[in-house]
K.L.:
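What follows is a single structure, and I will ask about it in a moment.
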Amino acid sequence: MSTLTREETESLIQEVLEVYPEKAKKDRAKHLAVNDQAVEQSKKCITSNRKSQPGVMTIRGCAYAGSRGVVWGPVKDMIHISHGPVGCGQYSRGGRRNYYVGATGVNTFAEINFTSDFQEKDIVFGGDKKLAKIITEIEQLFPLNKGISVQSECPIGLIGDDIEAVSKKAAKEINKVVVPVRCEGFRGVSQSLGHHIANDAIRDWVLSNRDGKEFESTPYDVTIIGDYNIGGDAWASRIFLEEMGLRVIAQWSGDGTLAEMENTPKAKLNLLHCYRSMNYISRHMEEKYGIPWMEYNFFGPTKIEESLRRIAAFFDDNIKEGAERVIAKYKPMMEAVIAKYKPRLQGKRVMLYVGGLRPRHVIGAYEDLGMEVVGTGYEFAHNDDYDRTIKEMGNATLLYDDVTGFELEEFVKRIKPDLVGSGIKEKYIFQKMGIPFRQMHSWDYSGPYHGYDGFAIFARDMDMTLNNPCWGKQVPPWKKSAAPEEVKAAA
Amino acid sequence: MANIMIRKTASGGLSFYLPKRDLEDNIVSIEFDQADKWGGELKLANGGTYYVDPLDAPPKLPVSLRAKRVDAPE
């Protein structure tokens, strides 16, 4: 099927909305749009960051997921207590495959679930005593931890525990950083507010800890912010930043440590990958410490080159030379990758529905492979994300915000993309429909996808999925059209 | 009144950021931009107008301020 025209896309949206009751239809209509590159502000065409409609299947998470799962979780040498009932912590540990180096349980703790396991009596009598006891116990059992964060689950906010007081007292006792994070799940409309709360907690409790202390700095100190090292992403980015002469002094927060976070204000430039989850802290550091920040994109060679040159523009000729050297070094490798996979992937159409930055960042990587993104959408984006997306997407492509299970299915049925990239909850639905699918939250257990090394893996994975012979075997032999004729012949 | 942040853009202009509304836009004009007075009415590219109490001197950018909405397009 060829690409839809603007009118066709518009009528597709109307058709899909048809099944909703009047009120829900009106609300959902605001979240679906046809991309128009002429629009400067996304506000005019799409509404985002609003509460999901009750009764529809949304894929969003909660504030706790945003703080514990995304921002704080990967900080490897701290212990993150999931303060509240046991489930939240259990289902948010290690699921994003934030890789790290270290001996888990000795000096790194990112994959372990620490929880206060609330029972009825804790709800009735409050959990502050329990929290204090847990912190003491942690200190005895895991003395190599560098700090503790208290990630509140819903009940903490509901019963009004004073985790700040407990944290302050405990911090004095154990002489380490103890960060209370008020990221109760009911706050906000999605995990997005959790990112913000986590950023604020870092700002209030961590960032200024080493102000005024000595730090051996170089003029080329940068930080990687908003890279969660999924499948080794941050490592794949770091390797050529260092190759071009920069010194990466902190990774936030994939494979990151507390010390790195505390040293971040000493950087010369903050490199921001995930704008949605960490722009808050970058803006804060720009104001307080005067550190400029810039967004970059390390998906696909075109975008990498663009980003490297923009990063180099902040520094002297040394780095500019370094950037050109790195670009030249990897060019033949990238050309080989493209030469190998482009003929196999050329012209294929992709629909994405992910969170954070990927719905717009990976577009460049697909385009490098000759593929086209025909629909994209975010789970929890704000208007500023859509502002940035509109320019990246082709005209008359589909944009969907907080899309419901039903809508996404219908869109896919009508648009018939060659590949869908979304989360695990969508994966099996589309695979059963016979559509190749990649789980784009944690790279379908593959990765890294960032950087030059990542692009080779990205291209291989897309080819592996799209050209897998299994998609031709969705119809069992006895249901193939040839089969009935044979039966007739036999009869 | 809302918290806003004003920062310099790469092109040298001023950019207005209102986190509560995810509003990030360029400032077209600023009422007072003198050595001894800075602030007043800010006109944005999207047509909106916000007011910040004039400061005695141009601040070091970026700066967080309290702003009043005078007129917004939506």
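All chains are named by letter (A, B, ...) in the order of the sequence lines, taking the proteins before the strands, and each is independently numbered beginning at 1.
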K.L.:
Would you say CG of B:D56 has more than 12 non-hydrogen atoms from neighbouring residues, nucleotides or ligands within 6.0 angstrom?
P.N.:
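For B:D56, atom CG is not crowded (no more than 12 foreign heavy atoms under 6.0 Å).
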K.L.:
Quick one: of A:H284, A:H196, A:R283, A:H382, who has the most non-hydrogen atom pairs under 4.5 Å with chain B?
P.N.:
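Most pairs with chain B among the choices: A:R283.
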K.L.:
Do you know the tightest heavy-atom contact between A:E287 and B:K60?
P.N.:
O-NZ, 4.4 Å
K.L.:
How many angstroms lie between OH in A:Y280 and CE in B:M5, if you round to the nearest 0.5 Å?
P.N.:
13.0 Å
K.L.:
So, taking the atom named CG in B:D25 and the one named CG in A:D384, what distance separates them when rounded to the nearest 0.5 Å?
P.N.:
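Between atom CG of B:D25 and atom CG of A:D384 there are 11.5 Å.
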K.L.:
Taking NZ, NE, NH1 and NH2 as the nitrogens, is one of them in B:E24 or A:R388 under 4.0 Å from a carboxylate oxygen of the other?
P.N.:
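Salt bridge between B:E24 and A:R388, a charged N being under 4.0 Å from a carboxylate O: yes.
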K.L.:
Counting only heavy atoms closer than 4.5 Å, note whether A:D385 contacts chain B via side chain, backbone, both or neither.
P.N.:
neither
